[in-house]
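Inspection log for the structure reproduced underneath, given as structure tokens.
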Protein chains: 2
Amino acid sequence: MATPRRMGSETSETRFVLLDVTERVMLEDGYAAVSSRRIAKEAGVTPALVHYYFGTLDDLFIEVLRRRGEQQLERQERQLSSPQPLRALWKTSTDESGTALLMEFMALATHRKVIRAELAAYAEQFRKAQLDSLRDHLEEVGIDTKAFPPEALVVTLAALASTIIMEEALGMETGLRETRDLVERFLTQYEGPPEPRVGAKRARKPSPS
Amino acid sequence: MATPRRMGSETSETRFVLLDVTERVMLEDGYAAVSSRRIAKEAGVTPALVHYYFGTLDDLFIEVLRRRGEQQLERQERQLSSPQPLRALWKTSTDESGTALLMEFMALATHRKVIRAELAAYAEQFRKAQLDSLRDHLEEVGIDTKAFPPEALVVTLAALASTIIMEEALGMETGLRETRDLVERFLTQYEGPPEPRVGAKRARKPSPS
DNA sequence: GTCTATACTTCGATAGAC
DNA sequence: GTCTATCGAAGTATAGAC
């Protein structure tokens, strides 16, 4: 199978800029606002370059997804090996821009087969990594894993995080604080109160220098 | 304030058809596939008629949302006054097409101010209706509402339902069955096993006639 | 390896005929 | 109450010059 069409190199500066711009436009105006014209304009290049580097728009979306996915997988690895993995997981899961981008990809994936497959594969990878790390931890901290299986726990945390973030973004209020509190009590019960990360910056107090 | 532009009557047959078609297209191909041309074509009318009846596309979306919202509010009212309101709620919340349409509106609302306001208003109305009906019921069936406040409970049920449906649609698997089982056990613990609705059709057994 | 020029399609919305 | 005609903008994607 010969190369079906010419395509820009993987290390091109322009390529990176296009990926950055696409991510930003998805966050600001949604996946539907992503067009070769719009992305090119914001990147300061011509629309044809978008197709030169990525072929179709679906390919562009997939590249954005892959780049982000890799970053997040690495990030999650670090968090899962921290002293309070559940807390760390909760913190990332309630990251606003992360959730917003994921939602865009979810919406996109519902109607585009190739993107659905890619997104599902990443999501499964994420969840399995969580389970691998958390199973032992949950037993250790004393969670009744028979009544509350680790699988159900990670799904529940993910569901609550994305729902809270989405509804807050929508401007909703009813029940959100109570739900946040509930999760907070749960985390405190099993992992104790939040502790500053090892190596985290301390609050700086003004000192004479 | 005079009428700013001519607009079709509320009772027009064409108007209904346009709303139906829009809902279907949103489900099949997503909100981004909704255009006056596409909707008109599938409804067998000219594109100008879409603007004649609804003005802008955002207005069209809002009308679809209102129609559905009213239907669902009524449906929820009935469910909340059934003998197993939590079960009834869970059943509706895990309705596939309902969730899919809600997701489309969520994605749309993230980037369109007028739709966001409308959707948030409906969602709050839904949740408050749930709380009004469920507060007493939860106490009666013996849920520890201090540890698990009704507000957090309805958010959690909604979050789990939409997450499970979305992830199943995506083709994911890990943890979904365990989570469904967990909810099922919870429902059984407090409302008992599923009971056929009063007035529901019985399974028909072939009888000589 | 990079980009320009260009072909062709579809879009939202309106004015005005019927 | 409905439809025709139409504008200007924006859409995807490719061929081929540099």
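By convention in this document, chain letters (A, B, ...) are assigned in the order of the sequence lines, proteins followed by strands, and residues within each chain are numbered from 1.
Spacing between atom CG of Leu49(A) and atom P of dC3(C) amounts to 5 Å, rounded to whole angstrom units. With rounding to whole Å, Asp59(B) atom CG is found 11 Å from dT14(C) atom P. Atom P of nucleotide dG11(D) and atom CG of Asp29(A) are separated by 11 Å, given to the nearest angstrom. Residue Lys41(A) contributes atom NZ, which lies 19 Å from atom C1' of dC3(C) at whole-angstrom precision. One can place CZ of Phe54(A) at 13 Å from P of dC3(C), the figure rounded to the nearest angstrom. One atom, CD of Glu13(A), and another, P of dT2(C), lie 11 Å apart when rounded to the nearest Å. The nearest whole Å value for the distance from the OH atom in Tyr53(B) to the C1' atom in dA13(C) is 18 Å.
By the side chain to side chain donor-acceptor pair (under 3.5 Å) test, Glu178(A) pairs with no residue at all, sequence neighbours left out. Judged as a side chain to side chain donor-acceptor pair (under 3.5 Å), and not counting sequence neighbours, Ser162(A) has no contacts. Qualifying salt bridge (Lys or Arg N to Asp or Glu O under 4.0 Å) partners for Arg75(B), counting only residues two or more places apart in sequence or in other chains: none.
Here Tyr52(A) reaches the OP1 or OP2 of dT2(C): one of its side-chain N or O atoms lies under 4.0 Å away. Between Thr46(A) and dT4(C) there is a side-chain N or O to OP1 or OP2 distance below 4.0 Å.
Using five terminal pairs a side, the axes of the helix from dG1(C)-dC18(D) to dC18(C)-dG1(D) at its two ends make an angle of 0°, given in steps of 10 degrees.
Listed by first and then second residue, the salt bridge (charged side-chain N to carboxylate O under 4.0 Å, His left out) pairs that reach into residues 90-106 of chain B come to none, sequence neighbours excluded. The ring pair (Phe, Tyr, Trp, His ring centres under 6.0 Å) contacts involving residues 13-48 of chain B comprise Tyr31(A)-Tyr31(B), where partners must be two or more places apart or lie in separate chains. Counting only residues at least two apart or in different chains, salt bridge (charged side-chain N to carboxylate O under 4.0 Å, His left out) contacts with residues 106-121 of chain A comprise Asp58(A)-Arg112(A), Arg66(A)-Glu118(A). Counting only residues at least two apart or on different chains, the salt bridge (charged side-chain N to carboxylate O under 4.0 Å, His left out) pairs with a member in residues 150-163 of chain B are Arg135(B)-Glu151(B).
Remark: Glu184(B) CD is packed, more than 12 non-hydrogen atoms of other residues, nucleotides or ligands lying under 6.0 Å away. Under a cut-off of 6.0 angstrom, the local environment of CZ in Arg177(B) is sparse, with at most 12 non-hydrogen atoms contributed by other residues, nucleotides or ligands.
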What pairs of nitrogen or oxygen atoms, one from the protein and one from nucleotides 10-12 of chain C, lie under 3.5 Å apart?
from, atom 1, to, atom 2, distance (Å)
dC11(C), OP1, Ser35(B), OG, 2.9
dC11(C), N4, Arg37(B), NH1, 3.4
dC11(C), N4, Arg37(B), NH2, 3.3
dG12(C), OP2, Ser36(B), N, 2.8
dG12(C), OP2, Ser36(B), OG, 2.8
dG12(C), N7, Arg37(B), NH1, 3.2
dG12(C), O6, Arg37(B), NH1, 3.3

